[in-house]
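Since we're looking at a predicted model, the values are computed, not measured. Letters A, B, ... mirror the listed sequences (proteins, then strands); counts begin at 1.
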Number of protein chains: 2
Amino acid sequence: MTKTRTAVHHDASSSSGDPQAIGRMVTSYDVAKLAGVSQSAVSRCFTPGKSVSERMRTKIMRAADELGYQPNAIARMLITKRSNLIAVIVSNLSVNPDFASILSQHMIERGLNLLFFTLDQDADADRAIQQLWQYRVDGVISAAELSVEQIGVLRERGIPLVFINRLYDVMGANSVGCDHAEGEGWLIEKLVSAGHSRFGIVAGPEASVVSRMRLRGALDKLAALGCAAPQVVHSDFTYAGGREAMRGLCGGKKRPDAIVCANDLMAIGCIDEARLALSLKVPDDVSVVGFDGYAPGQWGGYQLTTVRQPVASMVKAAVDMLVARIEEPSMATEKRVFSGELVEGSSARID
Amino acid sequence: MTKTRTAVHHDASSSSGDPQAIGRMVTSYDVAKLAGVSQSAVSRCFTPGKSVSERMRTKIMRAADELGYQPNAIARMLITKRSNLIAVIVSNLSVNPDFASILSQHMIERGLNLLFFTLDQDADADRAIQQLWQYRVDGVISAAELSVEQIGVLRERGIPLVFINRLYDVMGANSVGCDHAEGEGWLIEKLVSAGHSRFGIVAGPEASVVSRMRLRGALDKLAALGCAAPQVVHSDFTYAGGREAMRGLCGGKKRPDAIVCANDLMAIGCIDEARLALSLKVPDDVSVVGFDGYAPGQWGGYQLTTVRQPVASMVKAAVDMLVARIEEPSMATEKRVFSGELVEGSSARID
DNA sequence: CTATTGATTGCATTCGGATGCACTGATATG
DNA sequence: CATATCAGTGCATCCGAATGCAATCAATAG
C-alpha cells in the first residue's frame, strides 16, 4: 500500500512536462523516497526534539535541499492542532503605526505568524472572529474594542485573548495597558502647580473606553486639587476634530488657559488652531498637553508635553502573556498595567 | 467503519466533564450525526455552489448552529490547495499607515485573509518567504523591496506576486505603482515657471528604487528645462533626516531657493529646520515640496505642495491583479502605473 | 555469551473536509 | 409506459505530516 502510494507520487513528479508548471508540491514522501527512508523519518527530521541519528539527518537534509522541500504547515496544523498563527485585531483609528512592526518582531522571535484583521465597520468584528476561528489561530491580540458577546465566543471556544491598550473587567479577558488615569493625573498636577486654573478638556468619543479612563483621571485629579470643574468637549481623536474642539473651547468669554487632550493628534490640532486661527501663543497664552507619544507631536513645531505610552513594553508583555496562556490555558486572568512616561515639551507652561 | 468513527466522535463529545474544557472541536461528522445525514452532505452544504436540497440544507444548518459548527479552514486548505491567505510584506519604513487598513477591506470583500510580515532586518525577507510558502498562501503583495533571488523563489514555486509602489523590471514581477517621475516632473515645472532656479534635492537612500525614480524624474525635468544642475543630498526618509539634509543644503553660500524632497516626511523636516533653526520663511525665502500625500503634510502648519499617491486605487489594482493571477496563473506579467495628484499647498511659491 | 536498556526506525493510523463515482428517485421526453 | 435526464445523496478515498506502537539493533551489564 505504502509502496504503491510512493510510486504514484514519484510518477507524478517525474512527469515534469506538466504545462501548468506550478509543479506538484514536494511532500515528505518525495523526500523519503529520494533519501531511501520512511516518511516518518522525514517528519521527525523536521520536528525539533525528535530523535534522529546523525547519518539519517544528513541524508534526509540533502534530499530535502535537492527537492526544495519545506514541510506543509497546513498538514502539520491539522494533526498537531497548533497553527502557530496569532490573530491581531486592530481598529482603523487605533494605535500607533509602528505597533504592527514591533508586534511582528516579537512574533518572529517566537516562531509565530500574524493573521491580520482590521475593523472598519461593526460587522467586521464578527467576521474576524469567525475567520480566526476557522483558521484555528492559537491566540488573539486585540487592539480594538470587542463586545462582551464577542469576548464570550472566544472564551467558549478556548481561544486565548489578550487586549492591548484596553483594560477590561470582563471575565477571562487578559489585558495589557497603560495607566491612563495616572498619566493624566501627572499632567494635571504639572499644569496646576504651574498656575493654570481654567481647564478645557478635549475628550475622545463617549464610547471609547480609553478616552473615558483618561477623562476620569483628569477629572479626579482636578477635583482632588480643588480646581474648578473644567469645560469638557468630546471629539473624535482626529486632527480636524482637535481644531474644531479648540475653536469651541475658546469661543466663550473665559478662554481656558490649559487644554488637556485625550490624544496627541487632537493636541496638535489644538495647537495649530490656536496659532493659525486664533492667533494665540502656545504656551504663553494657552498650554496644550496630549497623551500617547505620537511621533509628530515631538516635531520641532509642536514639542508636545504628553505622556508617552511604553508601546514596546506593552507589546512584549502582551505577547508574553498570550504565549503563556496558550501553553497553560488554565492560567488565571491577569492585567498588566504600565506607567507612561511624562514628556515635558514646550507646548505647556510648566516651569 | 464510518459508523464506528461517528460513534467515537460522539462518545468523545458527550464526555463533557473534560477538565481541560477546550472541548473537542466540532467536526462535520458531529453535525452529520446530529442531522442524520452523511458527512459529505454537510461538506456540500458549506461549499458554495454545491447542489444540496432545501430540506437538507435547513436540517444541516439547524444542527450546525446547535453545535456551533464552523468548517475547519485548515482541513479544507489541505484538500483544496487553496488557503485564501494572502501574504502581505511591508518594510517598517515603507508606506502609508492606512495602507494596511485599505488592503484589509479589499481582502474582506473577496473573502481573503491577510498573513502579515514586516521586514526589519535583511534576514527577515527570507524567513517571510519561507513561512508564507509553508502556509501555502495563494498570493503575495509586497510593499517592500525583494531581491531578484527572492522573486525567483516565488516564481519557481508558482506563487503569484504583486509589488505595490515598486515597479520592477524583473521577469514575472507584477507591479502597481505611481508614476514617480511624472509627478516629480510636475513639481519641477511648477517651481521653474514660478521663477525658482537654485534647486536642492533631498533624495532617499541610494539603494531605494522609489527614491531613484523620483530623483531621475526631477533631474530629467530640470535638464529638459535647461536649469542648472541641482545640489543633491541623500537622506533616509525620516523627519530628522530631512532636518539634517536641510541644514546641509543651506550651509553653503548660495542657498537653494527650492527644495525638492523624496517624501513628505523629509519635506516636513526641511520646513521645520528652515523656520525653527535657520529663520527662513517658507515659502518666501525657500519653497519646499514633498511627495506622497502623508496626512500631516496637509496640517495647517505645513500645507505641503506635493504629489499625492492614489493609494486607494493602487491597492485596489494590486488586489485585482493578484486575484486575476491566482485564477489564471499563465497571465502575462503586467505593470499598472497610476498618475499622482498634484496638491498645491502653500509650502512652495508657485503663484 | 546472554540479558537488558535505550536509541532509531518503519508501519499504520489519524486529523477534518472535499470530491469522484455510483446509485436513487423524480421529472421530462418520445 | 418505457426511457433519458438530472438533481441529490452516500461511500470511499485523498490531501501531507505527526505519532503511538512494535520491531530492530547496538551497546552495556551481568
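Between the CZ atom of B:Arg136 and the C1' atom of D:dC15 there is a distance of 12 Å, rounded to whole Å. One atom, CD1 of B:Ile74, and another, C1' of C:dG17, lie 12 Å apart when rounded to the nearest Å. The OH atom of B:Tyr29 sits 11 Å away from the P atom of C:dA18 (whole-angstrom rounding). Per the geometry, NZ belonging to B:Lys81 stands 14 Å off C1' belonging to C:dT19, to the nearest Å. A:Met77 places its CE atom 18 Å from the P atom of D:dC15, with the value rounded to the nearest Å. Distance, A:Trp133 CH2 to C:dG16 C1': 13 Å, rounded to whole Å. As rounded to whole Å, 13 Å separates atom C1' of D:dT19 from atom CZ of A:Arg76. To the nearest angstrom, P of D:dA17 lies 14 Å from CD1 of B:Ile79.
Using cut-offs of 30° and 60° for the angle between ring planes, the A:Phe46 and A:Tyr69 rings count as perpendicular.
Under a 3.5 Å cut-off, the side chain of B:Asp30 and the backbone N or O of B:Thr27 do form a donor-acceptor pair. The backbone N or O of A:Lys50 sits nowhere less than 3.5 Å from a side-chain atom of A:Thr47 that would complete a donor-acceptor pair. A distance-only check finds a donor-acceptor pair linking the side chain of A:Thr80 to the backbone of A:Arg76 [under 3.5 Å]. Judged by distance alone, with hydrogens and angles left aside, the side-chain atoms of A:Asp138 form a donor-acceptor pair with the main-chain N or O of A:Asn84 at under 3.5 Å. At distances below 3.5 Å, not a single donor-acceptor pair connects side-chain atoms of A:Thr118 with backbone N or O atoms of A:Val90. Here the side chain of A:Arg166 pairs no donor or acceptor atom with the backbone of A:Gly177 at under 3.5 angstrom.
Against DNA chain D, the stretch residues 52-73 of chain B makes heavy-atom approaches under 4.0 Å through B:Val52, B:Ser53, B:Met56.
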Passes side-chain contact (heavy atoms from CB on, under 4.5 Å), A:Ile89 versus A:Leu119? Steps please.
CA-CA 7 Å; A:Ile89 305 179; A:Leu119 312 183; 3.7 Å; yes

Full working for side-chain contact (heavy atoms from CB on, under 4.5 Å) between A:Ile129 and A:Phe117
CA-CA 9 Å; A:Ile129 289 177; A:Phe117 298 92; over 6 Å; no

Could you go through the side chain to side chain donor-acceptor pair (under 3.5 Å) check for B:Asn72 and A:Gln134 one step at a time?
CA-CA 5 Å; B:Asn72 182 327; A:Gln134 288 194 2; over 6 Å; no

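In this structure, a donor-acceptor pair under 3.5 Å is absent between the side chains of B:Asn174 and B:Glu334.
In terms of position along DNA chain D, the nucleotide closest to B:Ser51 lies nearer the 5' end than the nucleotide closest to the other residue of the pair B:Leu78 and B:Ser51.
Taking only side-chain nitrogens and oxygens, A:Ser43 never comes nearer than 4.0 Å to OP1 or OP2 of D:dA17. Regarding contacts with the backbone of C:dA18, a side-chain N or O of B:Thr47 is found under 4.0 angstrom from either OP1 or OP2.
Remark: of the listed residues B:Met107, B:His106, B:Arg110, B:Arg110 is the sole one forming a side chain to side chain contact (heavy atoms under 4.5 Å, CB included) with B:Val323.
Each end of the helix from C:dC1-D:dG30 to C:dG30-D:dC1 yields a helix axis from five base pairs, and these two axes differ in direction by 40° (to the nearest 10 degrees).
Residue contacts for B:Val42: at a heavy-atom cut-off of 4.0 Å it reaches no nucleic acid atom on any strand shown. Backbone-only engagement by B:Thr80 is indicated by non-hydrogen atom pairs under 4.0 Å involving sugar-phosphate atoms exclusively.
Proximity note for B:Ser38 (side chain, C-beta onward) versus D:dG10, C:dT14, C:dG17: the nearest is D:dG10.
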Summarise protein proximity over nucleotides 20-26 of chain D in one line of letters, 5' to 3': B for base, S for sugar-phosphate only, - for none, counting protein heavy atoms closer than 4.0 Å.
BB-----

